Each structure stands twice: as structure tokens, then as C-alpha cells.
Amino acid sequence: MSAPRQIVTRFAPSPTGYLHIGGARTALFNWLYARHTGGIFRLRIEDTDRARSTPEAIDAILEGMAWLGLHHDGEVVYQFARAARHREVAEELLARGLAYRCYATHEELEAMRAEQKAAGKPMRYDGRWRDRTLDGPVPNVPPVVRLKAPQTGETVIEDAVQGQVVFRNDVLDDFVLLRGDGTPTYMLSVVVDDFDMGVTHIIRGDDHLTNSARQRQIIDAMGWPQPVYAHLPLLHGEDGAKLSKRHGALGIHEYRNLGYLPEAMRNYLLRLGWSHGDSETISTEQAIDWFNLESIGRSPARVDFKKLNNLNGFYMRAAADSDLATETEALLGRLGRPALTEHQRAQLLAAMPSLKDRAKTLIELIDNASFIFETRPLVPDDKAAKALSPEARARLARLTTALAETPWTAGEIEAAVRAFAEAEGAKLGDVAQPLRAALTGRTVSPPVFDVMATLGRAESLARIGDQAAA
RNA sequence: GCGCCCUUCGUCUAUCGGUUAGGACAGCAGCCUUUCACGUUGCAGAGGCGGGUUCGAUUCCCGCAGGGCGCGCCA
């Protein structure tokens, strides 16, 4: 038995766009596995595509991960900065005869593929420079370096999710390691970086499964140890089609502004492709405790906002009032809404118990808390206006008098209103609905007596007065 | 075209050959109730198709169909 190695996982996004939900899930799984095993979780930015990589995208990824609470260990590795080392490995392969220079031009290669396609043959590099030694003049083409890949036999990937996946070597071609300008390709860079970073487990999207075979060939050529692979099925949009901007491919930071809590996102993402019996609400602590590679599913999953909403509502209800109030205020700020006054901040906190019960997102909570943010005179919406019939307005006027001596707590107010309704020979609802309409301008709100307690005596009576008929 | 992967309620999933195929979200109905929500009770809802293997297949094997991914001097 070999000595137990510390497990090292990594998340390696390319900064050509924001961090989307699929990438976030991949990051989560890597993070969870590292935490579960007491290992290390590293972050590597694969910025070797100079044309498409942007600093904005790097920031978006870093911020997204920070928001989700997926903290990486050690320094962030920027792949482009390691190009010299990647080149060094290619040179070594070249020196050992495990790679070779190919002088084929783009045009030549394109023609080759077109021919193969027309002939119904698999499209792959035909190895035309594999055994050719350069005698005579050097073609005026900056050569690429290709791996001299095995042409017979099989390359086998033992995948922790997909099981054993076998590729016949004759379907894999001699792919490029170094471009004509001497820069390394992704295939080379990944392998070298993973080795140098000591990565033991590669958890990534399914779309890399075939790449694994090529990467394994490089690793074998270098005589390095093979990492454990775990390829996650891809995520699809709500309609089952590929994720696109229209559904679900939002940047992870947008979920933040949509009012979702990171713990809810983590729980939701975790259940997309991983399960633990019938467990649905899984705290991050439990997730770390339970997470394993064996329970990752093999079939693709769709994102479902309804379920995310449900989970988010659960975590909101479970959250501390003060934390939620802080988050709400921060979101208000990000939305460009006016800053809260001390008074409003206190009201928001006081109303939080009843507010958080009836919202699935912070955005919804803000909407439900509008009675705190709005100023008199309130403009009732259509339904509220309907509830404020002439009879109701007259009743509100009488209620004002009845409340004159009432101590201003939710309980006392409720008792007084109930007594008033009874005296009026009315049902409580007949009094409460117009009251709600007058206080909030809506027909739906937290319990009216809570609203009144939050608003305070003066403001409550003033709002009622605004709608009451003499 | 070639290769690889996948296939249980609308959605996410459980099931390690024998279950009335379970749970969750969503939906519908009831209860609770000052509205909404929460909570709670109930209803409806699934093994793609065809062959095998087996006393017995959702589960194992093969084929087909459907879906996905890959096949760049992108990552």
C-alpha cells in the first residue's frame, strides 16, 4: 500500500465569460470533495486564450466563488504565466522522440479534413509528418509540435462517475502540443499544471471526457502518475436544451442580485446530480460530511428555478433576522435604491420575522416590505382600492376613534380591533382587509397587526386617516 | 460521418434482481387563518422501444430510438 496522499482538487475555469451555473456546480463539487477528505482545493485560471480572456471575467469568477463561499487554498494559478514551463515539457517530449514537428499548413489541414468528411471518414490528423525526417530545405512554415501518440491498443480512463471508458488509439490522433508561435495548447497546459500542482482528482464537466484520453497519453509519455477522473454530466436549461443566456446560463453573480442566498444555491447545486437517499435540505456542514464521488449521477440534469425558490425560501426562514436585514439592505444598495434611514432599518428588522416567512427571494421580501419604504399618502393598487369601499372608509374612521387609547403592541391592537369588529357586528376580515389596504396599499401583506406595530401609532393612524371617510 | 456518454413521475432524484417503484419541487383539493405565506392532510403523476439472461427484471447483457458531448495551431 502506498502512503495516503493528501487529496488535491482544482477548479480551472477559462476567463472568457462569467461563471455560470454549470461551472459553479463543478467548483462546488471540487470544493466539497477537498473539504470532505481534508484535502486541498485549488483555483487555476486558464487564461491561455489571450484573445478571449478578460480581466472582467476573472473578477466575475473570483467574486462568484467568494459569494458562494467556495474558498480556494493557496495562490490562484494563472496558466498563461506558466507557458515557459509547458514549453519545456514539450521540448523534453521532442528530445525523447515522443513528439515531433509538423510543418503542415492550415490550408493543407483544412483540405485534409474536407476530404475526410467527403469520403465519410473520421476527421483527424493523418500523421503526415510523424515519421518524416527533414532532409532538404525547411518549409517556410513555423512548425507545431505534435504528440507521437500510440496508434494501436487502447487508452483507458477509469472514471469515478462514468466507470471504465475505453478509447481505441486509432481514433485518437497526434494532437498539437505547441503552436507554430511556440505557445502551448490547452491539452498540454492542463496536464503540466495539474501535475505541478499535485492535483490528484480531476472533477470537471462531461465535455472533457474525450480530452481525458489525450491528456492521459501525455501523462503516460512523461511517466507521471494518473489522476482520478470524475466527469460530471452537463447541466441543461429548463427546456432541456443546452444552457443559454435565456434560461439559467446567468452569471452566478446575477443570482445574488435576484435575491438568492449562497447557502440555498449550494444546496440546490449539490442536488443537481448528487444525492444522499431522500435528503433534500442539506446544510453545508452535512454536505461536507456526506459528499462522495460514488453518489454522483450519470445523467444530465435541468435547472429548475421553482425548486431553487423553494430551497431559498427555506434558508431565508432559517436565517437570523439580523443577517437577513443586513443582506436585504446590501441588495437594496446594489439595486441603486435609496439608503435606509435609521428608523427604516429598525422597522425592517422588527418586521423581519413575518417578512421572511412569506418570501422566496430577497427581491420578493423587499417588495413585501414596501410599506416600510413608501411614504404617505399611499396610493392603493387596484385591488386595495376595491377593498376601500365607502362603507369600509366610514368604518376606518370609526376605528380610528376606537384605537385612540390602545397601547401600541400587536397583541393589544389585535384585541382592540377584534372588539371593534364585534361591536360593529362585522367579521374580523371585513375590518382587517380595508385596514391592510389603508396601511400598505395592497391586499396582501404580513399580518396587519404586525404591520401596525412596525409602523408605530402615529404613522398607522395617519395612513388610516388618509383613507378614512369623515 | 466517426468516437464516447446518457435514458425512473412535468423537474431533481431513491432503488445496490423480488417494493402497492419511495421522497422532494411544481400542480390540484381540503384544513389552518385578518390577506398572503408557513404548516398540515390528501389526490394525480414514471421505469423510451425490442430482444435476451433469470423462477423473477426499473435493476444484468445486446440491439434500436431519442438526447448530449467531442472530433481546432479554443479552452
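Quantities reported herein were computed from a predicted structural model and do not represent experimental measurements. Order of the sequence lines fixes the chain letters, A, B, ..., with proteins taken first and strands second; residue numbering starts at 1 for each chain.
At the heavy-atom level, A:Ala426 lies nowhere under 4.0 Å from the strands shown. Across all strands shown, A:Arg146 has heavy atoms under 4.0 Å from sugar-phosphate atoms exclusively, and none from any base. Among the heavy atoms of the strands lying under 4.0 Å from A:Val165 are primed sugar atoms or P, OP1, OP2 only; no base atom is included. Nucleic acid contact class of A:Val176 (heavy atoms, under 4.0 Å, all strands): sugar-phosphate only. Backbone-only contact: A:Gln162 has heavy atoms under 4.0 Å from sugar-phosphate atoms and none from a base. Residue A:Ser445 is in base contact, counting any heavy-atom pair closer than 4.0 Å across all strands shown. No engagement by A:Pro13 is indicated, since no non-hydrogen atom pair under 4.0 Å with the nucleic acid exists. If you check every strand for non-hydrogen atoms under 4.0 Å, A:Val431 touches nothing. If you check every strand for non-hydrogen atoms under 4.0 Å, A:Asp173 touches nothing.
Taking a centre distance below 5.5 Å and an interplanar angle below 30 degrees as the stacking criterion, A:His106 stacks against the six-membered base ring of B:C73.
Pairing partner, B:C36: none, since no Watson-Crick or wobble contact has both distances short of 3.5 Å. Nucleotide B:A14 has no partner under the Watson-Crick or G-U criteria, as no pair reaches both atom distances under 3.5 Å. In this structure, B:G66 forms a base pair with B:C6, meeting either the Watson-Crick or the G-U wobble geometry with both donor-acceptor distances under 3.5 Å.
Of the possible donor and acceptor atoms, none in the side chain of A:Asp196 sits under 3.5 Å from a partner among the backbone N and O of A:Arg82.
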